[in-house]
Amino acid sequence: MKYSLFSLTASLGLAALITVPLHAQETEARIIRADVSDVKGPMTQMPKLCVGSGYAPLGLRADWQQHLKIVKNTCDFEYIRFHGIFHEGMGIFSGPDKKRYNWQYVDKVYDYILSIGMKPFVEISFMPNELASNKPSEVERTLGKTMVFNYNANVTPPKSYDDWAHLVTAFTQHLTDRYGEGEVGTWYFECWNEANCPLFWTGDRDEYFKLYDATARAVKSVSKDYRTGGPSTAASRWVPELIEYCEKNVTPIDFFTTHEYGIVAGMVDGDGVSKKFMKTERDDIIRHVKKVRGQIEASKHAGAELHYTEWSASYSSRDPIHDSYHMPAYILQKVKGVEGDASSMSYWVFSDVFEESGPGHFPFHGGFGLLNLQGLKKPSFYAYKFFNDLGDTELNCSDADSWVTKEGDDVQVLLWNFTPVNQGEEHNRSYFTKDLPAADVGAATIKLDNLEKGKYEMNVYKVGYRVNDVYADFRDMGSPDAPTLAQVAELAQKNNGSSPVETLKIKVGRDGMFTKQLDLRENDVVLLTLTKK
């Protein structure tokens, strides 16, 4: 469509927006162009299908529940996944008889999740001590290691697969009795966590496949319609091998799961002392997802769901990248890049109420969460909040780093600049704890055609360097180890994201055209909304 000179007349005493010739903008600015009548289809919900948490006993805590309700209400995640539904802290075994179970804590956690409109993405783990073989892996044999994390999760195979299957069957039957087959049929059942890492499984791959087989059959024995999947591996591994095993042994599998993190390989780093570096390739994460999707499509399971049940920039819960303003653009660039390949990308995790390495030492300690321990909203939170503010219908747009949507007569544009960091030989713990000003990257011009004529309110929301950048404000405050209630309130108010950086009342004429130029810096994320009045 041909565009010409035009202006948008301001109402309510505000000055008009004056545009410049299109050809000048096209040579100088990034153009995000969409025709409101040119519909691509329903807007994807994939990025917010699932979010992660630590382990099941945290779900009994008031702060965990408060934080989950915040992210549900604001970001609208549908499922939540966490470790350790069979952890000792859930009190499943009520006595010496292994076949008597106590589900009271399980019920409390799942009841709460359902009460706020979410569903469990059930990770069936870890091994109850009553059933565990306590056999260390070959890698850890000299240490005799059979536990992981600060909360001592048992990661050994069962002594008896019959007893394990009995537990899984009884668990699934209890869920069915309590919530109904129709409800539980909408859940996912995933077997274990990262069994390809000796840290999380002391058996080998064949032993995990045996565990998966017993687990899937036990779940399906309650209802053949229940969905089971795996291998829940680190680094996008074992998917074709699990497919081969299931085909050979006629083992049921409905979906596939694995994990990926955007960091150079190394140790888990619970103490925050390891030197870690961000991967700088723009297609990192993305290429791994596409590879696994290709493996699935090349099998008899073509079209099966692929869930990345953990992903983030780093797998360390002590990495300051998680607190940085760099995260929102990183998140959006990755989830947009895997659209159509992944069925979900479950961000790890929603809150710093997370204790794999023990409680976080300070308010901003590099924890995984979208919220910190005080419930303050990190920049990463706004990637999902802004995404959730998009409309239900996507419009065609050729710009790779944006979504343009509508809902009724209202239109929304979410755009970002993703610039990989250049940290050289400086590791994350040093680099991302500093003040890192963002360079200007030029203008982006939004052009919309065929809007319904009439009055609109335009709002522009932003997250980036020192805009909804709570970690920067915390540093300016002197990084107090124990901020006062007044300091927490000040940080929360300054970074609540509810106030647009720009508001304007406008009129769209008969030509139905709108233009807006935005100045961008590295890793800025901008949400522009047009609301019909």
Option among Asp476, Asp473, Asp469 that satisfies the salt bridge (charged side-chain N to carboxylate O under 4.0 Å, His left out) test with Lys494: Asp473
Salt bridge flag under 4.0 Å for residues Asp392 and Lys406: no
Test item: side-chain donor near acceptor, Ser380 and His322, under 3.5 Å: no
Pair Tyr226-Thr176, side-chain donor/acceptor within less than 3.5 Å: yes
Side chain Arg227, main chain Thr186, donor-acceptor under 3.5 Å: yes
His307 versus Thr257, side-chain donor and acceptor atoms under 3.5 Å: no
Partners passing ring pair (Phe, Tyr, Trp, His ring centres under 6.0 Å) against His288 (at least two apart in sequence or in another chain): none
Any donor-acceptor N or O pair under 3.5 Å, side chains Ser232, Glu194: no
Approximate separation, where rounding is to 0.5 Å, of Arg429 CZ and Phe277 CZ: 10.0 Å
Any donor-acceptor N/O pair, Lys72 side chain to Phe77 backbone, under 3.5 Å: yes
Gap separating the CZ atom of Phe381 from the CG atom of Leu371, nearest 0.5 angstrom: 6.0 Å
Donor-acceptor under 3.5 Å (Tyr308 side chain, Ser346 main chain): no
Row check, Tyr330 ring normal vs Lys334 NZ/CZ: under 6.0 Å, within 45°: yes
Short side-chain to backbone donor-acceptor contact, Glu297 and Gly294, under 3.5 Å: no
Listed partners of Asp440 passing side-chain contact (heavy atoms from CB on, under 4.5 Å), at least two apart: Arg521
Side-chain donor-acceptor contact under 3.5 Å, Asn495 with Asn468: no
Side-chain donor-acceptor pair present, Ser402, Asp399, cut-off under 3.5 Å: yes
Sequence-distant partners of Glu452, salt bridge (Lys or Arg N to Asp or Glu O under 4.0 Å), two or more places apart: none
Donor-acceptor side-chain pairing of Thr233 and Thr258 below 3.5 angstrom: yes
Results of ring pair (Phe, Tyr, Trp, His ring centres under 6.0 Å) for Phe474 - residues two or more places apart only: Phe364
Residues forming a side-chain contact (heavy atoms from CB on, under 4.5 Å) with Asn73, sequence neighbours excluded: Lys69
Any side-chain donor near an acceptor of the partner, Glu310 and Tyr261, under 3.5 Å: yes
Listed partners of Tyr465 passing side-chain hydrogen bond (donor to acceptor under 3.5 Å, both in side chains), at least two apart: Asp435
Any residue meeting salt bridge (Lys or Arg N to Asp or Glu O under 4.0 Å) with Asp283, in chain and number order, not counting sequence neighbours: Arg287
Check: Asn428/Gln423 side-chain N/O donor and acceptor closer than 3.5 Å: yes
Pair Lys119-Glu183, salt bridge (charged side-chain N to carboxylate O under 4.0 Å, His left out): steps then yes or no: CA-CA 9 Å; Lys119 297 175 182 289; Glu183 171 60 35; 3.0 Å; yes
Lys/Arg N to Asp/Glu carboxylate O, Glu502 vs Lys516, below 4.0 Å: yes
Lys336 to Trp403 six-membered ring, cation-pi geometry met (6.0 Å, 45°): yes
Modelled atom types, side-chain donor and acceptor of Asn417 and Asp524, under 3.5 Å: no
Residue list, ring pair (Phe, Tyr, Trp, His ring centres under 6.0 Å) with Tyr110, at least two apart or on another chain: Trp187
Under the side-chain contact (heavy atoms from CB on, under 4.5 Å) test, residues paired with Glu457 that sit two or more places apart: Asn459, Thr503, Lys505, Lys533
Carboxylate-amine/guanidinium proximity below 4.0 Å for Arg81 and Glu190: yes
Parallel, tilted or perpendicular: rings of Phe386 and Tyr461 (30°, 60°): tilted
Pair Trp64-Ser53, side-chain donor/acceptor within less than 3.5 Å: yes
Under 3.5 Å side-chain donor-acceptor pair for Asp38 and Asn396: yes
Steps toward ring pair (Phe, Tyr, Trp, His ring centres under 6.0 Å) verdict (His301, Phe255): CA-CA 9 Å; His301 295 272; Phe255 61 90; over 10 Å; no
Any donor-acceptor pair under 3.5 Å from Ser324 side chain to Ile321 backbone: no
Short side-chain donor-acceptor distance under 3.5 Å, Gln65 and His67: no
Test log, rule side-chain hydrogen bond (donor to acceptor under 3.5 Å, both in side chains), inputs Thr529 and Gln412: CA-CA 4 Å; Thr529 64; Gln412 307 81 27; over 6 Å; no
Inter-residue atom distance Leu415.CG - Ile32.CD1, 0.5 Å rounding: 4.0 Å
Partners meeting ring pair (Phe, Tyr, Trp, His ring centres under 6.0 Å) with His326 (sequence neighbours left out): Phe432
Any donor-acceptor N or O pair under 3.5 Å, side chains Asn372, Lys378: no
Contacts of type salt bridge (Lys or Arg N to Asp or Glu O under 4.0 Å), residue Glu407, not counting sequence neighbours: none
Residues Ser223 and Glu181: side-chain donor-acceptor under 3.5 angstrom: yes
Stepwise ring pair (Phe, Tyr, Trp, His ring centres under 6.0 Å) test for Phe368 and Phe354: CA-CA 8 Å; Phe368 290 114; Phe354 180 92; 5.2 Å; yes
All side-chain contact (heavy atoms from CB on, under 4.5 Å) counterparts of Leu60, not counting sequence neighbours: Tyr105, Lys108, Val109
Carboxylate-amine/guanidinium proximity below 4.0 Å for Asp401 and Arg282: yes
Leu306: which of Asp341, Val338, Val292 passes side chain to side chain contact (heavy atoms under 4.5 Å, CB included): Val292
Donor-acceptor side-chain pairing of Ser236 and Lys291 below 3.5 angstrom: no
Under 3.5 Å donor-acceptor, Asn523 side chain and Ala329 backbone: no
Glu426/Lys434 ion pair, N-O < 4.0 Å: yes
Lys/Arg N to Asp/Glu carboxylate O, Asp111 vs Arg178, below 4.0 Å: yes
Backbone N/O of Ile296 and side chain of Ser299: donor-acceptor pair under 3.5 Å: yes
Side-chain (Ser343) to main-chain (Glu305) donor-acceptor, under 3.5 angstrom: no
